[in-house]
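One-based numbering, in listed order, for ligands and for the atoms of each.
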Amino acid sequence: MNITLPSKSALFSSLAFIIITSGLANLAYGQLPKTIKINANHSLAKVQPNMWGVFFEDINFGADGGIYAELIKNRSFEFAKPLMGWSIQRKKANEGEILVVNRKEENTANPRYLQINTTNGSFGITNEGFKGIGVKKGLRYDFSVMYRQQNKGVKLRLQLIGANNQVIGEGTMIPEKTGNAWNKQSATFYATATDPKAKFSILFEDKGKIDLDMISLFPEDTWKNRPQGLRADMVQMLADMKPGFLRFPGGCIVEGMDLANRYQWKNTIGPIENRKMVMNRWNVEFAHRPAPDYYQTFGLGFFEYFQLSEDIGADALPILNCGMACQFNTGEVAALDELDPYVQDALDLIEFANGDINTKWGKMRADLGHPKPFNLKMMGIGNENWGPQYLERLAIFTKAIKAKYPDFKLINSSGTDPEGDRFNLLNTSLRASNADFIDEHYYRPADWFLKNAGRYDSYPRNNTKIFVGEYAVHADGKIIGSNRNNWQSALAAAALMTGLERNADVVQMASYAPLFAHVDGWQWAPDMIWVDNLRSYGTPDYYVQKLFSVNKGTDVVSLTAGEKPLTGQDGLYASAVTDQKTNELIIKIANNANATQTINFEIEGKKMKAKGSIDELASTDLNQLNSFENPQAVGPKRNNITLKGKKLNLELKPYSFNVIRIPYN
Ligand code: AHR
């Protein structure tokens, strides 16, 4: 076989061609400046103060084992296996006995307790925590328990046990009261070492008999130091975002696997020992990510959700069950003539949040410590429900709620997907019935997000607004866990979000989902914030979300390139707002090209000051992740910028998202 090799000169000339043409590509993106025109004078739409919010669901051990700072798993022995999470210590046989007693007639919410009969101080029980117990050296730990004993005698030795089985914190509690009534008592002690995966033991000293329930341990450093409260580092990450609203409690857990498993807010308020636990649906949802120890204790219940919303300056946005269980599971529905209790739950929730303290539910709120109303303005009816059965039920809710509270806003589901038959049926019917909000959800690849940056440019302008209630870029299925929150995903989300902002007259609220995931306990990824027992970090998505939220502005203004909105031309996506309170122009621009791009901004309509700032998120590696070790590998970097009159010339880094703030006179 004859092979003709190219001559050296031919090789060189084709190499030169490659260099020149790739140089031309670079030149096309990088060196020919693009002109973007902004007219800062005319407000095209108002940006709602609550435009950018957060979505909270107890998924991935986000609440129990996560933000709810309780360290004891299965504290009231109500898991399907009553001693799950607990082990028994005995040095010798017959040192002590444990009985799991069920008094379901007397106490339906919290039927089980432990009966301890002990003869020796080396008999005890140990709790493994959710994914271990995170303990910090020098920190106080607050133990509490409900107990009942006929005679004094048993003393409780409380011990934190470190990885090498050494005691790293110790206290005692001598139960003081006797008789038939249940009592609550607490004790505190300090940790002598830091350990992310400690255990907690109670040794029963001396001879005696005692009943125990609600065995609880909290760190002292909860958010606002509230007893039995929330993990401060996790709440702080939310507070730093200054979210406009907090959507809770989901998500699919609103629906439940079946109606019995649905979220019922009335079971989540009041003394924690009376909050009837249910299995968390994520316990069994994914066979490949089983979570047999996942339950909802409701220690973070509706009162705490309202309180959390208030703490972080967010509007509360509860989502209620509409009389339908998850249609991917049982799809069970409440009979139409038995929907009243569901509708009543919605009406009572409004009274609980806003009612005068002389009303039944307003009084309940006051008794829980919040006489002032929570100023609830909206709620969602159903999560990802669809079909005619949803429309029928929604109509009943809407009629009853609007009859009593005509200005109260209702969020309606559009199902699970942003297109297709289910979506089309709901979208058409809900618009025909003049719905306040349609809740759109999209979990799609990066490419879909980029293509949909102009999705809302042609949406109808009428009374029906959009709430993008759940969205996240879902990378290739082969990428799993926290690796899914790479820079490519966050940048594509940023690109789409410029389209949400540009259409703020139509899209009035949006929240990335889900919010939290525990590295040892996740079921669903990507997620915005990853945590372990002691630490938390924000993903690149977190910083994108935060940059939008803290730079939301008040008015959308026109931003065009060649008379058109920037929805992907040359890999550029952009929007602009003014902040009429601070007198600033804020430009958001994503460069999704693998090249530096030079941009000439020409700003009309306001007299701009000469100095401004740019916050830049950038990485040339689209697979770049943040981590506990490197939490800001993709994190905002701030630089100063200078304008010449009405012109601003900037070089945008390859694969970057940029927020530019310029004050005006
Ligand atoms: O965000 C995770 C899940 O995605 C939510 O629970 C559900 O609403 C959606 O399908």
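With Tyr342 as the partner, the side chain to side chain contact (heavy atoms under 4.5 Å, CB included) test is satisfied by one option alone out of Arg262, Gln264, Arg393: Arg262.
Between Glu57 and ligand 1, at least one N/O pair is under 3.5 Å apart. At least one N/O-N/O distance between Cys252 and ligand 1 falls below 3.5 Å.
Put simply, the side chain of Gln327 gets close to the backbone of Trp386: a donor and an acceptor are under 3.5 Å apart.
If you look at Thr416 next to ligand 1, there are no close heavy atoms at all, none under 4.0 Å. Only the side chain of Trp282 comes within 4.0 Å of ligand 1, counting heavy atoms alone; its backbone N, CA, C and O stay farther away.
For ligand 1, the atoms sitting less than 4.0 Å from at least one non-hydrogen atom of Gly251 are 5 (C), 6 (O), 8 (O), numbered in the order shown with element in parentheses. In the vicinity of Asn383, heavy-atom distances shorter than 4.0 Å reach the ligand 1 atoms 7 (C), 8 (O). The atoms of ligand 1 that sit less than 4.0 Å from any heavy atom of Pro514 are 1 (O), 2 (C).
Using cut-offs of 30° and 60° for the angle between ring planes, the Trp448 and Tyr442 rings count as tilted. In this pair, Phe408 and Tyr405 present their aromatic rings tilted. The plane angle is within the 30 to 60° band. Between Phe303 and Phe374, the ring planes lie perpendicular to each other; the angle is over 60°, past the 30° to 60° tilted range.
Proximity of the aromatic rings of Phe298 and Tyr263 is defined here by a centroid distance below 6.0 angstrom, and this criterion is met. In this structure, the ring of Tyr443 has its center less than 6.0 angstrom from the ring center of Trp524.
Comparing Glu384, Glu255, Glu470 by heavy-atom distance to atom 4 (O) of ligand 1, the nearest is Glu470.
For atom 1 (O) of ligand 1, the closest heavy atom belonging to the protein is Tyr443 OH, 2.8 Å.
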